[in-house]
K.L.:
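Here's a structure for you.
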Amino acid sequence: MAGIVAIIGRPNAGKSSLFNRLTGTKDAIIDDMPGVTRDRLYGECEYEKRNFYVVDTGGIFGEDSEFSAGIKSHVEAAVRECDAVIFLVDGKAGITGSDEEISDFIRHAGNKPVIVAVNKLDDPKHDDTANDAYALGFERVVPVSAMHKRGIYELLDAVIDVLPVDEGYEEDDDDEIRLVIAGKPNVGKSSLLNKITNTERSLVSPIAGTTRDPVDTRAEIDGQKFRIVDTAGLRRRAKFDGDLEYYSFVRTLSAVDRSDIALLLMDAQDICTEQDKRIAGHVVKKGKGIILVVNKWDLMNGEKKADEIMTRIRDEMPFVSYAPVIFTSALSGRGVGKILQSAVIINENRKKHIPTNLLNRLMRDVLAFDRLPSDRKGRSLKVYYCSQAEGEPPTFIFFVNNPELVNTGFENHVKNKIRELEDFTGTPIRTFWRGKE
């Protein structure tokens, strides 16, 4: 897996600023008032071709409020469930009694690698003060300024050094198709894995959330090699049952990231939930292939017809209208073979390449017969040429006079035209619009 790094420290040490710096977002609220961060936030960081998830936790110790006990519980879970800890201290304030309490807390919560980041050292001449942090008993100390981006790369180097190497991922066979089984709790993910592989590799239980950590299973079926990852059940953040499930959720995102195709399982009696849409959105964002699997079809007893469910899926999840929908029963095996057949086709679709001359012929047709976007100043979009970039999913680059003139409607129209040229069932299409320079 990509790994999880938890940022821990007392209130107002700058955890949210560091979170925003590492993830390149502004998701964490930054305020001088101690204790602003109450809930955990997660974000993705990419550095030196390594990806990992960063979790921003609430400030602990030194904050006497009704939230303190709950925040302490969250942080304890963060240390226990993460792969590495960034222990952030305030370099201007120096090492405090609260910092010493936290260091003891970290040591007792779990045997995880710890990097002490001494924050708010905006000027290199103050870096010597970071040496005081060695008194906390950890061997890795890095002076940083999250606000001014000082020392961030040194901190990232230290993080990469201590994160576990995903050996399984490195061993992936080029001929393998990596499938991830994702969905809400108790929709039959483990049952589907067992039926596909004809094993009892994953524990099957009617209790939601039995599977906590992703499980990799290799299988060769009809001459095709698969690597299948069963994941922990996902649910809306407001309904997380405890801290363990929260970190299982983050690890599930990591499992999707390293897959080729996601099998999104939905309960036939409860389809198109907000969580289903959220999972599908993450799959599309990551450029993965997707198959919508309607499971437990054997329990429907004719209550709803397949075409009614199909219509609802297309109406409520139009952003994956290109995804095949397969009705299955993981217990009986109905439809399971179709899932694997579709996976093989989608895997090939993700690798398809359209010749540049054919693409440009398409663009000439679009320019000739379609109305192109324009702005209030009367400037119209001009498309000079396009080409397909290497890689998966299929990615197309369009060179235009002004990328800002491209609106969502026109972009979707062009994607539909591309799909008319070639079968891209089950895979998203990416388009990039660049100025002529």
Side-chain angles (χ1 to χ4, degrees), residues 24 44 46 49 51 172 174 177-180 253 256-264 277 279-292 313-314 317-325 342-375 379-437:
E44 190 176 4
E46 180 178 352
K49 298 183 179 180
N51 291 68
D172 274 346
D174 290 339
I177 299 176
R178 291 172 294 176
L179 305 179
V180 59
L253 300 183
V256 170
D257 295 351
R258 67 186 185 93
S259 70
D260 297 317
I261 301 168
L263 311 181
L264 174 53
K277 297 171 186 177
I279 299 170
H282 182 76
V283 173
V284 173
K285 177 183 177 182
K286 293 299 180 178
K288 309 300 180 180
I290 185 169
I291 300 173
L292 304 179
I313 290 174
R314 295 311 186 198
M317 300 176 69
F319 58 97
V320 285
S321 59
Y322 55 83
V325 179
S342 292
V344 172
I345 293 172
I346 293 172
N347 186 59
E348 292 300 319
N349 290 347
R350 283 168 49 80
K351 301 175 182 179
K352 285 183 177 178
H353 194 278
I354 300 178
T356 300
N357 63 336
L358 190 58
L359 277 175
N360 285 297
R361 191 183 313 157
L362 166 70
M363 291 316 303
R364 285 195 297 270
D365 293 342
V366 171
L367 292 173
F369 299 104
D370 297 335
R371 182 178 179 181
L372 300 181
S374 60
D375 61 13
R379 294 177 298 183
S380 296
L381 179 71
K382 295 181 181 179
V383 183
Y384 300 113
Y385 64 95
C386 60
S387 63
Q388 183 175 351
E390 297 296 328
E392 304 169 22
T395 301
F396 301 88
I397 302 174
F398 295 85
F399 293 87
V400 298
N401 61 329
N402 187 350
E404 294 181 359
L405 294 174
V406 179
N407 55 44
T408 302
F410 180 73
E411 186 171 31
N412 290 336
H413 174 66
V414 170
K415 288 181 179 179
N416 290 334
K417 289 293 185 181
I418 292 174
R419 290 186 184 278
E420 291 177 6
L421 283 180
E422 186 58 85
D423 180 11
F424 288 116
T425 298
T427 181
I429 289 176
R430 287 178 172 170
T431 54
F432 292 94
W433 306 83
R434 295 181 180 173
K436 58 183 179 180
E437 66 274 6

K.L.:
So, for D257 and K288, which heavy atoms are closest and what is the spacing to 0.1 Å?
P.N.:
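That would be O-NZ, 2.7 Å.
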
K.L.:
What's the spacing between F396 CZ and T356 OG1 if we round to 0.5 Å?
P.N.:
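Reported value, rounded in 0.5 Å steps: 10.0 Å.
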
K.L.:
Would you mind reporting whether F398 and V414 have side-chain heavy atoms less than 4.5 Å apart?
P.N.:
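The answer is yes, as the side chains (C-beta and beyond) meet within the 4.5 Å cut-off.
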
K.L.:
Spell out, as yes or no, whether a donor-acceptor pair under 3.5 Å connects the side chain of D260 to the backbone of I177.
P.N.:
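Here the side-chain-to-backbone pair does not exist.
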
K.L.:
Can you give me the closest heavy-atom contact between W433 and E411, atom names plus distance?
P.N.:
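Heavy atoms of W433 and E411 come nearest at NE1-OE2, 3.3 Å.
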
K.L.:
So how far is it from L292 CG to I313 CD1, rounded to the nearest 0.5 Å?
P.N.:
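Going from the CG atom of L292 to the CD1 atom of I313 covers 6.0 Å.
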
K.L.:
Here's a test for you: under side-chain contact (heavy atoms from CB on, under 4.5 Å), which of I261, I291, L263 qualifies with S342?
P.N.:
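Among I261, I291, L263, the one that satisfies the side-chain contact (heavy atoms from CB on, under 4.5 Å) with S342 is I291.
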
K.L.:
May I ask you to test the N401-L381 pair for a side-chain heavy-atom distance under 4.5 Å?
P.N.:
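The answer is yes, as the side chains (C-beta and beyond) meet within the 4.5 Å cut-off.
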
K.L.:
Could you pull out all residues at least two apart from T425 that satisfy side chain to side chain donor-acceptor pair (under 3.5 Å)?
P.N.:
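T425 satisfies side chain to side chain donor-acceptor pair (under 3.5 Å) with D423 once adjacent residues are dropped.
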
K.L.:
Write down the atom of A280, the atom of M317, and the distance for their closest heavy-atom approach.
P.N.:
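Between these two residues, the closest heavy atoms are CB-CE, 3.7 Å.
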
K.L.:
Do side-chain atoms of N360 reach the backbone of C386 as a donor and acceptor pair under 3.5 angstrom?
P.N.:
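Pair found, side chain donor or acceptor close to backbone of C386.
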
K.L.:
What are the two closest heavy atoms between L405 and S374, and how far apart are they?
P.N.:
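So the minimum-distance heavy-atom pair works out to CD2-C, 4.3 Å.
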
K.L.:
Any chance you could measure I429, atom CD1, to K417, atom NZ, to the nearest 0.5 Å?
P.N.:
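Taking CD1 in I429 and NZ in K417, the distance rounds to 13.5 Å.
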
K.L.:
Salt bridge between K285 and E44, side-chain N to carboxylate O under 4.0 Å?
P.N.:
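E44 and K285: not salt-bridged.
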
K.L.:
At their closest point, which heavy atom of V283 faces which heavy atom of A262, and how far apart are they?
P.N.:
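So the two residues come closest at CG2-CB, 3.7 Å.
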
K.L.:
Work out which heavy atom in Q388 is nearest to a heavy atom in I354; give both atom names and the distance.
P.N.:
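Looking at all heavy atoms of both residues, the closest pair is OE1-N, 2.6 Å.
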
K.L.:
Is the backbone of F424 close enough, under 3.5 Å, to the side chain of R419 for a donor and an acceptor to pair up by distance?
P.N.:
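Yes, the answer is positive, given that a donor and an acceptor are paired below the 3.5 Å cut-off.
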
K.L.:
Should we say atom CD of E404 is surrounded by more than 12 heavy atoms from elsewhere, each under 6.0 Å from it?
P.N.:
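Count not over threshold, so no.
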
K.L.:
Hey, what do you get for CG (L253) to CG (N51), rounding to the nearest 0.5 Å?
P.N.:
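Here the interatomic distance stands at 12.5 Å.
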
K.L.:
If only atom types and distance count, is the side chain of R434 paired as donor or acceptor with the main-chain N or O of I397 below 3.5 Å?
P.N.:
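Pair absent, no side-chain N/O of R434 close to backbone of I397.
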
K.L.:
Do the non-hydrogen side-chain atoms of Y385 and L359 ever get within less than 4.5 Å of each other?
P.N.:
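Not touching, per the 4.5 Å side-chain cut-off.
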
K.L.:
Nearest 0.5 Å, please: how far is CG in N412 from CZ in F319?
P.N.:
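The distance works out to 12.5 Å.
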
K.L.:
Can you check whether H353 reaches E390 side chain to side chain, under 4.5 Å on heavy atoms?
P.N.:
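A side-chain contact exists here, since the closest heavy-atom pair is under 4.5 Å.
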
K.L.:
Just by distance, do the side chain of N347 and the backbone of G289 share a donor-acceptor pair under 3.5 Å?
P.N.:
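Not confirmed, N347 side chain does not pair with G289 backbone.
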
K.L.:
Taking G287's backbone N and O only, do any of them form a donor-acceptor pair with R350's side chain (distance below 3.5 Å, no angle check)?
P.N.:
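At least one qualifying donor-acceptor pair exists.
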
K.L.:
Please walk me through it: do N349 and K352 pass side chain to side chain donor-acceptor pair (under 3.5 Å)?
P.N.:
CA-CA 5 Å; N349 290 347; K352 285 183 177 178; 3.1 Å; yes

K.L.:
Just wondering, are more than 12 heavy atoms of other shown residues or ligands nearer than 6.0 Å to OH in Y384?
P.N.:
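Correct, the count exceeds 12.
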
K.L.:
Under a 4.5 Å cut-off applied to non-hydrogen side-chain atoms, are E392 and T427 in contact?
P.N.:
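Not in contact.
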
